[in-house]
Amino acid sequence: THGVRGEMRVNPWCDSPDYMTKFKTLYLDSNEGCAVQVKSARPHGNIVLLTIKDIDTVEKAQKMRGKVLFMKRSDARLPKNKFFIAELIGCEVFDADNEEKCYGILTDVSHTGANDVWHIESDGKEYLIPAIPDVVVETDVEANRVTIRPLKGIFDDED
């Protein structure tokens, strides 16, 4: 809670607190059940101060402690060539210079500060590639496909 009028401190699981302030409706479960209307949302350091309709006391806000808020994917607007991690996970990763060559499946994304790092799994091994423009050539989440030009030495078969 934050204050006595029902405002809540929310830890946003997105790139920045600013992004979470763009939603007018959030949900209390991942199946879009129990919609809540956002009255106000503002960034406050690395958190969001959020007020929800009908939650106007510290006691009501306290009942929200530990709950997870979800957004509807169709409500999200991302800039061109930006994707949610969930959309990237499971994509097949191919070589930009030899489209027949599949490096494996993208299984995770780590945030390192400088850039994201993609985890690619192939034959029980995990490879880490920097998600930078010099490496990632094309991302097509609708086709479940990513094309890369890996740095030398990342995969075993390279010099």
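Note that the coordinates shown come from a computational prediction; the quantities given were computed from them, not determined experimentally.
In this structure, Lys53 and Lys39 have side chains that are in contact, with non-hydrogen atoms separated by less than 4.5 Å. No side-chain heavy atom of Val38 sits less than 4.5 Å from a side-chain heavy atom of Met20. Between Pro17 and His44 the shortest side-chain heavy-atom distance does not fall below 4.5 Å. Side-chain atoms of Pro12 and Tyr19, non-hydrogen and from C-beta on, never get closer than 4.5 Å to each other. Residues Met64 and Ile52 form a side-chain contact, since some pair of their non-hydrogen atoms from C-beta on lies under 4.5 Å apart. Counting only heavy atoms from C-beta outward, the side chains of Leu69 and Leu50 approach each other to under 4.5 Å.
Within the 6.0 Å centre-distance limit, the rings of Phe155 and Tyr103 are counted as a close aromatic pair.
A chain of hydrophobic side-chain contacts below 4.5 Å, direct or via other Ile, Leu, Val, Met, Phe, Trp or Tyr residues, connects Met8 to Met71. Following chains of ILVMFWY side-chain contacts shorter than 4.5 Å, one can reach Leu78 starting from Phe23, so the two form part of one hydrophobic cluster. Clustering ILVMFWY residues whenever any of their side-chain heavy atoms sit less than 4.5 angstrom apart, transitively, puts Trp13 in the very cluster that holds Phe70. No chain of hydrophobic side-chain contacts below 4.5 Å, direct or via other Ile, Leu, Val, Met, Phe, Trp or Tyr residues, connects Leu88 to Phe94. Cluster membership check: Ile132 shares its hydrophobic cluster with Val109, using side-chain heavy-atom separations under 4.5 Å among Ile, Leu, Val, Met, Phe, Trp and Tyr.
Between Pro150 and Val135 the shortest heavy-atom distance is CA-CG1, 4.3 Å. The two atoms that bring Pro130 and Val136 nearest to each other are O-CG2, 4.4 Å, heavy atoms only. Here the closest heavy-atom approach between residue Thr1 and residue Ala61 is recorded as CG2-CB, 3.7 Å. Between Ser122 and Gly104, the closest heavy-atom pair is CB-CA, 4.1 Å. Cys91 approaches Val146 most closely through the heavy-atom pair CB-CG2, 3.8 Å.
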_Walk me through whether Thr51 and Arg5 qualify under side chain to side chain contact (heavy atoms under 4.5 Å, CB included)._
CA-CA 9 Å; Thr51 305; Arg5 292 193 173 97; over 6 Å; no
_Using the rule given for side chain to side chain contact (heavy atoms under 4.5 Å, CB included), can you reason through Val93 versus Trp118, listing the C-alpha separation, both sets of side-chain angles and the distance that settles it, and then say yes or no?_
CA-CA 10 Å; Val93 181; Trp118 289 359; 5.6 Å; no
*Test Gln37 against Thr25 for side chain to side chain donor-acceptor pair (under 3.5 Å), laying out the working first.*
CA-CA 5 Å; Gln37 300 305 311; Thr25 303; 3.2 Å; yes
_Stepwise side chain to side chain contact (heavy atoms under 4.5 Å, CB included) check, Ile120 with Ile105_ = CA-CA 5 Å; Ile120 298 172; Ile105 304 294; over 6 Å; no
*Would you please test Arg9 and Leu49 for side chain to side chain contact (heavy atoms under 4.5 Å, CB included) and show each step?*
CA-CA 5 Å; Arg9 298 169 60 90; Leu49 296 178; 3.7 Å; yes
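Residue Lys60 qualifies as enclosed at atom NZ: its count of foreign heavy atoms under 6.0 Å is above 12.
A side chain to side chain donor-acceptor pair (under 3.5 Å) with Arg149 is found for one member of Asp134, Asp95, Asp97 and no other, namely Asp97.
Every pair passing salt bridge (Lys or Arg N to Asp or Glu O under 4.0 Å) that includes a residue from residues 77-89 is listed here, sequence neighbours excluded: Arg73-Glu87.
Taken from CD in Glu92 to OG1 in Thr147, the straight-line distance is 10.5 Å, to the nearest 0.5 Å. With values rounded to the nearest 0.5 angstrom, Leu106 atom CG is found 9.0 Å from Ile148 atom CD1. Taking NE2 of His119 as the start and OG1 of Thr107 as the end, the distance is 7.0 Å to the nearest 0.5 Å.
Cluster note: Leu128 groups with Val117 through ILVMFWY side-chain heavy atoms spaced under 4.5 Å, whether in direct contact or through intervening members.
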